[in-house]
Amino acid sequence: MKIPPAQRAVTLGRYILKNRTTVRAAAKQFGISKSTVHKDVSERLKKEDPELYGLVRDVLETNKQERHIRGGLATREKYREIAKNRRGY
């Protein structure tokens with residue numbers, strides 16, 4: 001059974017707040033696109049539960065400020081793995 005968008009927005013908002021997760025991670029967890037998650041928590045949640053929206057917005061803003069760090073760490077790990085594989089040959 002399909003969940004109504006307004007209810008899904010509240011569920012996503014609670015999940016993001018509880019786990020302090022990213023939009024991408026929430027999308028993966030719920031099996032929906034990150035565009036849908038973003039629309040739900042930025043537009044629908046604002047209308048459904050403004051208080052929850054404010055809390056979720058703070059988490060997403062923190063994620064946005066930290067994303068360059070996570071990206072750098074992912075790149076670093078990628079090249080470590082490449083170097084490790086080359087030494088194995």
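By the ring-ring contact (aromatic ring centres under 6.0 Å, His included) test, Tyr53 pairs with no residue at all, sequence neighbours left out. In this view, Leu17 and Leu52, Leu55, Val56, Val59 satisfy the side-chain contact (heavy atoms from CB on, under 4.5 Å) rule, not counting sequence neighbours. When the side chain to side chain donor-acceptor pair (under 3.5 Å) test is applied to Thr36, the partners found at least two apart in sequence or on another chain are Ser33. The side-chain contact (heavy atoms from CB on, under 4.5 Å) search around Ala6 returns Glu48, not counting sequence neighbours. Every residue meeting the salt bridge (charged side-chain N to carboxylate O under 4.0 Å, His left out) condition with Lys39, not counting sequence neighbours, appears here in chain and number order: Glu43.
Residue pairs meeting the salt bridge (Lys or Arg N to Asp or Glu O under 4.0 Å) criterion with at least one partner in residues 69-82, sequence neighbours excluded, are Glu66-Arg70. For the salt bridge (Lys or Arg N to Asp or Glu O under 4.0 Å) condition, no pair includes a residue of residues 54-64, sequence neighbours left out. For residues 4-17, the set of pairs meeting the side chain to side chain donor-acceptor pair (under 3.5 Å) definition, not counting sequence neighbours, comprises Arg8-Asp40. Listed by first and then second residue, the salt bridge (Lys or Arg N to Asp or Glu O under 4.0 Å) pairs that reach into residues 17-27 come to none, sequence neighbours excluded.
In this structure, CD in Gln29 is found 11.5 Å from OG1 in Thr22, a value given to the nearest 0.5 Å. To the nearest 0.5 Å, the span separating CG on Asn85 from CZ on Arg87 amounts to 9.5 Å.
Across every non-hydrogen atom of Ala26 and Ile16, the tightest pair is CB-CG1, 3.9 Å. Of all the heavy atoms in Arg44 and Ala9, the pair that sits closest is CB-CB, 3.8 Å. Closest approach of Leu45 and Gly13 over heavy atoms only: CD2-CA, 4.0 Å.
Ile32 places a side-chain heavy atom less than 4.5 Å from the side chain of Leu12.
Ile69 belongs to a hydrophobic cluster with Leu73, counting contacts under 4.5 Å between side-chain heavy atoms of Ile, Leu, Val, Met, Phe, Trp and Tyr, direct or through other members. The hydrophobic cluster around Tyr79 extends to Ile82, counting ILVMFWY residues whose side-chain heavy atoms fall within less than 4.5 Å of a member.
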